[in-house]
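Order of listing sets the numbers, starting from 1, for every ligand and every atom in it. For this chain, numbers begin at 1 and follow the sequence in order.
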Amino acid sequence: MKPHISKISEYKNDQAVVCIIGKNSIPDGLFTDAKEKGYAERQITSGEDRVFINSYDRCICIVKPKDDVRQYKVREEVRRAAYKLRKQIKAGSYPELVITSFEAYDNAVVDFAEGLLLSIYSFDKYITRKNEGSCRYPEKILLHSPVNDESIKWLEEITDSVYFARDLINEPVIHLNAVTFAEEIKKAGESAGCKVEILNKGKIEALKMGGLLAVNRGSIDPPSFSILEWKPENHVNSSPVVLVGKGVVYDTGGLNIKTGDFMSGMKGDMAGGAIVTGVIRAVAKAGIPVHVIGLIPSTDNRPGGNAYAQGDVITMHNKMTVEIGNTDAEGRLILADAISYASRYKPGLIIDVATLTGSAAMTFSNQAIAMMSNADRKYTDLLTDCGNEVYERVAPLPFFEEYAECIKSDIADIKNVSNSREAGAITAGKFLEKFAEYPLIHLDIAGVEFLKKDEYYRLKNGTATGLRLLAEFLKRLAAPGPK
Ligand code: BES
Ligand code: ZN
Ligand code: ZN
């Protein structure tokens with residue numbers, strides 16, 4: 001359960017408290033015991049970045065982020081401190097936790113709260129015997145002012161969206177097929193005030209989305225194509241931003257079946273779709289004045305009786321033909337249909353987000369989202385900046401046209417894979433670009449999405465990394481002033 005967040009103007013000295021300090025001094029009134037205060041001060045002065053003091057029914061945690069010239073690194077230190085303190089905070093089973101700051105940067109309390117909320121998440125719906133009676137996280141997180149209401153609202157919406165997306169990414173395919181995934185998208189979108197349309201198999205056939213239909217052939221469940229739109233009256237962009245999210249609810253590889261352990265984590269191959277939904281839900285709930293559309297093509301990729309096969313030639317939504325060189329390169333096929341469908345909105349920018357290639361994961365591990373772009377630099381610069389601030393960093397890959405040479409086909413307009421494994425993330429991006437009639441930023445999140453162990457508050461399993469990035473990007477895009 002996610003704790004409830006509220007703002008307080010005063011706290012009492014019997015409440016569990018976290019204090020983020022900017023210099024080495026600790027505020028008066030935090031400690032009632034001079035000895036404890038002396039101890040905490042000595043620890044901080046000797047270079048400790050955090051001190052945890054347990055006294056009877058409360059705790060006092062001091063957090064002193066390391067100095068760094070880059071403010072975004074300091075912010076990340078604070079979020080990580082919350083992760084590092086999570087077990088001690090849980091062990092005390094405090095009903096409430098106060099977060100305050102002293103001589104720290106503005107909104108440090110919000111960063112700590114964010115780190116803590118993201119660290120508290122757990123996917124425990126299938127655990128029948130929850131550890132009743134054992135330690136618990138606080139039910140209430142009290143942010144000690146000054147902290148502005150807007151940033152509390154944003155924190156609330158972002159963390160709700162991350163929980164929502166992580167739940168979907170972690171949900172096993174036995175409980176989440178393309179149809180039920182679309183239902184979840186619809187529920188979330190409508191509850192946030194968005195317009196939602198779900199295209200069923202018949203409509204997808206009528207639209208001749210050959211990529212999505214080909215991947216779906218081996219499945220016994222029909223595909224879905226979800227469309228979310230947030231268009232408030234006061235939107236500031238004249239042409240919409242279209243977000244496209246990969247919604248492969250399970251990727252077996254199809255007939256080119258994944259071997260060894262390569263199938264593990266493939267229930268999370270719809271992370272892009274979950275992220276797009278979460279982002280739009282958050283911006284809508286926070287009332288951000290931006291016109292944004294989300295497109296989420298969805299299916300599983302299985303080697304069923306009628307599965308598409310290597311050597312097939314398929315015709316896509318935009319009438320281009322594609323030779324199938326590998327059925328495991330399915331993501332780009334369903335995304336390509338969505339990217340060409342995006343043309344009807346005449347978007348100012350398309351951003352697709354997808355667990356697309358093992359190559360991106362091999363290149364950047366879990367530390368960066370691979371970014372490829374043919375869009376104006378103002379967008380990639382803004383995205384890079386947002387990536388640093390929320391610490392979901394993006395790293396550019398070259399997008400030279402020569403990388404498209406190797407996806408030429410002898411028998412069709414284009415092939416879905418290159419003959420070699422070299423530059424796999426880039427050739428996948430180049431494939432998508434062929435279907436984009438408007439500026440495109442392609443984000444490959446394969447390395448950051450499904451983790452085998454915690455990377456601080458980006459917990460193991462589905463992380464929803466990319467969600468905070470894109471939400472921040474849209475918020476900043478809609479904000480007045482220079483980007
Ligand atoms: N869903 C996978 C990519 C992936 C790999 C995501 C590891 C997360 C972790 C994608 O559909 C895929 O199978 N890609 C292939 C493409 C290849 C056949 C050209 C890959 O990267 O191996
Ligand atoms: Zn695949
Ligand atoms: Zn895939």
Checklist line | Proximal protein heteroatoms (N, O or S) of the Zn ion (ligand 2), under 2.8 Å | finding: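 Protein N/O/S atoms under 2.8 Å of the Zn ion (ligand 2): D251 OD2, D328 O, D328 OD1, E330 OE1.
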Check: Would you find more than 12 non-hydrogen atoms of other residues, nucleotides or ligands less than 6.0 Å from E197 atom CD?
Finding: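 Yes.
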Next item on the list: Only pairs at least two apart or in different chains count here, so list each ring-ring contact (aromatic ring centres under 6.0 Å, His included) that has a residue in residues 292-340.
Entry: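 Of all non-adjacent pairs touching residues 292-340, those that pass ring-ring contact (aromatic ring centres under 6.0 Å, His included) are H317-Y341.
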Next item on the list: Look at the aromatic rings of Y456 and Y83 and report parallel, tilted or perpendicular, splitting at 30° and 60°.
Entry: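 Correct class here is perpendicular.
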[Y]/[X] salt bridge by N-O under 4.0 Å criterion:
X	Y	answer
E156	K153	no
E114	R468	yes
E157	R281	yes

Note to self: Checking F435 now: which residues fulfil ring pair (Phe, Tyr, Trp, His ring centres under 6.0 Å) with it, not counting sequence neighbours?
What the structure shows: F431
Notebook entry, point to check: Measuring to the Zn ion (ligand 3), does A354 have an N/O/S atom at a distance below 2.8 Å?
Noted result: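 Under 2.8 Å: A354 has no N, O or S contact with the Zn ion (ligand 3).
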Item checked: Pair Y345-H291, ring pair (Phe, Tyr, Trp, His ring centres under 6.0 Å): steps then yes or no -> CA-CA 11 Å; Y345 302 105; H291 182 194; 7.9 Å; no
Checklist line | Pair Y105, D111: side-chain N/O donor-acceptor within cut-off below 3.5 Å | finding: yes
Check: Can you list the steps and then say if T321 with I314 is a side-chain contact (heavy atoms from CB on, under 4.5 Å)?
Finding: CA-CA 6 Å; T321 56; I314 62 173; over 6 Å; no
Margin query: Give the residues near ligand 1 by chain and number, with the criterion being a heavy-atom distance under 4.0 Å.
Written below: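 Those residues closer than 4.0 Å to ligand 1 by some heavy atom are K246, D251, K258, M266, D269, N326, D328, E330, R332, T355, L356, T357, G358, V417, A446.
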